[in-house]
2 protein chains.
Amino acid sequence: MKLIDPALTYNSSQKILVAVDCTIFGFDSKNLKLLLFRRKVEPLKGRWSLIGAFLQNDLSIIDGAKSILFESTGLKDIYLEQLKTYGAVDRDPVERVISVGYYSLIRIDDIDILSVEDYDAKWFNIDDIPELILDHGTMVSDAIAALRIRARHEPIGFNLLPDYFTLPQLQALYESIFQSKRDSRNFRKKVLSLNMLEKTDKKDKSQSKKGAFLYKFKKNAKLVKDRRDFLFDF
Amino acid sequence: MKLIDPALTYNSSQKILVAVDCTIFGFDSKNLKLLLFRRKVEPLKGRWSLIGAFLQNDLSIIDGAKSILFESTGLKDIYLEQLKTYGAVDRDPVERVISVGYYSLIRIDDIDILSVEDYDAKWFNIDDIPELILDHGTMVSDAIAALRIRARHEPIGFNLLPDYFTLPQLQALYESIFQSKRDSRNFRKKVLSLNMLEKTDKKDKSQSKKGAFLYKFKKNAKLVKDRRDFLFDF
DNA sequence: ACAAAAGTGTTGAGTATACACCCATGA
DNA sequence: TCATGGGTGTATACTCAACACTTTTGT
């Protein structure tokens with residue numbers, strides 16, 4: 001059967017259930033984490049899954065994603081990126097559903113604990129994710145891969161940190177995003193050379209007796225984006 | 001209204017029309033081009049648009065995209081990437097339609113001209129795109145941006161070239177993808193250092209009297225992907 | 001012989017990496 | 001005073017960017 005066929009127009013085409021599923025990243029000063037939820041409906045009720053919902057006709061997809069995040073965490077205006085749309089015919093055992101995947105970065109301590117507990121949710125380390133329903137495991141792997149790529153090109157890491165943070169915290173964040181160690185001298189040199197951070201005169205003493213200076217992210221930092229220094233950048 | 005609500009499950013949720021739209025890139029040895037089609041159905045019949053169709057219930061999204069490409073160009077097994085899903089409530093004037101965008105790279109000379117002419121299609125330079133229906137103009141800008149990013153990380157340019165090509169051709173391709181000139185000495189040095197190309201002893205004399213050596217892409221070329229040399233690569 | 005495109009090396013600057021010790025503080 | 005994490009500098013290797021002339025050959 002031909003798909004491109006003037007006869008197959010609006011009212012002769014099939015409609016499909018559309019879901020929006022959201023991978024929520026957080027950072028607890030040690031590890032990159034994922035917020036997972038126990039599924040509330042049959043089938044597979046009680047199993048771990050991403051948070052999601054069916055998209056209603058009067059909401060744009062992005063607004064659907066924002067609502068889901070707000071309803072599950074109590075947060076607004078958080079970092080949100082569309083990831084990919086998943087459309088295998090049999091990805092849902094009940095009926096055909098396509099799902100638009102998003103990922104978001106939140107500051108763990110901002111989160112509204114009560115609303116999270118309502119939803120029977122839990123933070124998991126990204127290297128210790130339980131089995132997830134449907135293709136949510138794939139979505140999570142894709143989200144982690146997308147986060148890594150984007151974190152190398154844009155300073156999105158700051159969306160995972162509190163307003164004031166220390167350089168050792170920032171380093172731990174990048175180490176846990178990329179799952180590999182950095183040299184602290186080189187790390188500090190590079191980060192500071194980007195002129196995105198503002199040093200304060202306050203210290204955070206929760207991690208050491210000496211204390212580490214707190215920094216904040218300069219919102220209007222202009223980023224040097226015109227470098228062409230990558231692998232296939234002929 | 002709450003989206004996340006156990007009462008809002010499969011049979012109580014609204015279904016939505018889902019379209020798949022495809023941005024088709026080609027390269028004619030001089031310029032990066034886009035294949036656009038005259039819309040066959042009302043409303044906006046006859047206006048330029050991407051090629052697309054409504055997704056049927058028994059096809060995965062990617063298979064829908066492949067079918068559309070096959071029906072419009074006669075080509076199978078071509079490079080195809082999911083771009084983004086477009087979901088504004090009023091993006092289609094007739095009724096709610098969400099559209100999954102794809103982009104594909106084809107070898108212009110492979111294309112089945114007859115099937116293209118059936119569809120009333122035309123190649124446009126990417127710096128000279130006409131006004132497109134709906135949000136297809138946005139899709140095209142997004143596709144060009146995505147192509148540029150991906151072309152810097154993976155050797156996808158070869159999907160736009162014939163099996164045998166010259167280095168000046170390859171350089172022209174990258175120049176037209178990025179819309180900026182390269183130094184031929186630096187370009188050749190860098191390309192050849194990647195060990196992805198196999199030189200043949202044949203020459204292409206269509207562009208000059210001297211002729212340029214033909215190369216082919218090594219399919220099993222292992223790419224050095226472990227460099228960490230980018231802007232936010234802390 | 002000449003026009004037109006193909007092909008070729010070197011140098012300087014900037015950036016990444018490797019590496020080890022002193023500092024400040026609370027217990 | 002000592003254990004713990006915070007903070008600092010230098011030398012080497014590498015990669016990018018800038019730059020101009022010679023070669024080939026058909027007409």
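Within every chain, numbering begins at 1; the chains are lettered A, B, ... in the order of the sequence lines, protein sequences first and strands thereafter.
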#### Entry: Lys189(A) NZ - dA11(D) P separation (whole Å)
12 Å

#### Entry: Donor-acceptor contact present, side-chain Asp183(B) to main-chain Arg185(B), <3.5 Å
yes

## Note on the structure
Gln171(B) atom CD is separated from dA5(C) atom P, nearest whole Å, by 14 Å

### Message
Parallel, tilted or perpendicular, judged at 30° and 60°: which one describes the rings of Phe25(A) and Tyr103(A)?
### Response
perpendicular

### Task
To the nearest Å, give me how far apart CG (Asp204(A)) and C1' (dG5(D)) are.
12 Å

### Summary
From CZ of Arg188(A) across to C1' of dA16(C) the rounded distance in Å is 18 Å

### Task
Using atom types as modelled and distance alone, determine if a side-chain donor or acceptor of Glu71(B) lies under 3.5 Å from a backbone N or O of Ile4(A).
yes

### Message
Regarding Ser184(A), tell me which of base, sugar-phosphate or nothing describes its non-hydrogen contacts under 4.0 Å with the strands shown.
### Response
base

### Query
Which whole-number value in Å describes the distance from Arg182(A) CZ to dC19(C) C1'?
17 Å

### Query
If each of Asn186(A) and Pro168(A) is mapped to the nucleotide of DNA chain D with the nearest heavy atom, which maps nearer the 5' terminus, i.e. the 5' end?
Pro168(A)

### Task
Measure from the side-chain N and O atoms of Arg47(A) to the backbone N and O of Arg38(A), and report whether any donor-acceptor pair falls under 3.5 Å.
no

### Query
Is there a donor and acceptor pair closer than 3.5 Å between the side chain of Lys190(A) and the base of dT17(C)?
no

### Query
Are Lys181(A) and Glu175(A) close enough for a salt bridge, meaning some N to O gap below 4.0 Å?
yes

### Length of the CZ-C1' vector between Phe187(A) and dT15(C), whole Å
17 Å

### Task
Classify every nucleotide of nucleotides 22-27 of chain C by which part a protein heavy atom approaches to under 4.0 Å, writing B for the base, S for the sugar-phosphate alone and - for neither, in 5'-to-3' order.
-BBBB-

### Summary
By nearest-nucleotide position on DNA chain C, the 5'-leaning member of Tyr215(B) and Arg185(A) is Tyr215(B)

### Message
What is the separation between atom CZ on Phe213(B) and atom P on dT24(D), rounded to the nearest whole Å?
### Response
10 Å

### Length of the CG-P vector between Leu167(B) and dA5(C), whole Å
17 Å

## Note on the structure
Comparing Asp183(A) with Gln207(B), nearest DNA chain C nucleotide closer to 5' gives the residue Gln207(B)

### Query
Within 45 degrees of the axis of the six-membered ring of Trp48(B) and under 6.0 Å from its centre: does Arg39(B) put its NZ or CZ there?
no

Residues 155-167 of chain B side chain polar contacts: donor-acceptor under 3.5 Å, at least two apart:
{"unit_1": "Asn159(B)", "atom_1": "ND2", "unit_2": "Ile156(B)", "atom_2": "O", "d": "3.0"}
{"unit_1": "Asp163(B)", "atom_1": "OD1", "unit_2": "Arg107(B)", "atom_2": "NH1", "d": "3.3"}
{"unit_1": "Thr166(B)", "atom_1": "OG1", "unit_2": "Gln169(B)", "atom_2": "N", "d": "3.1"}

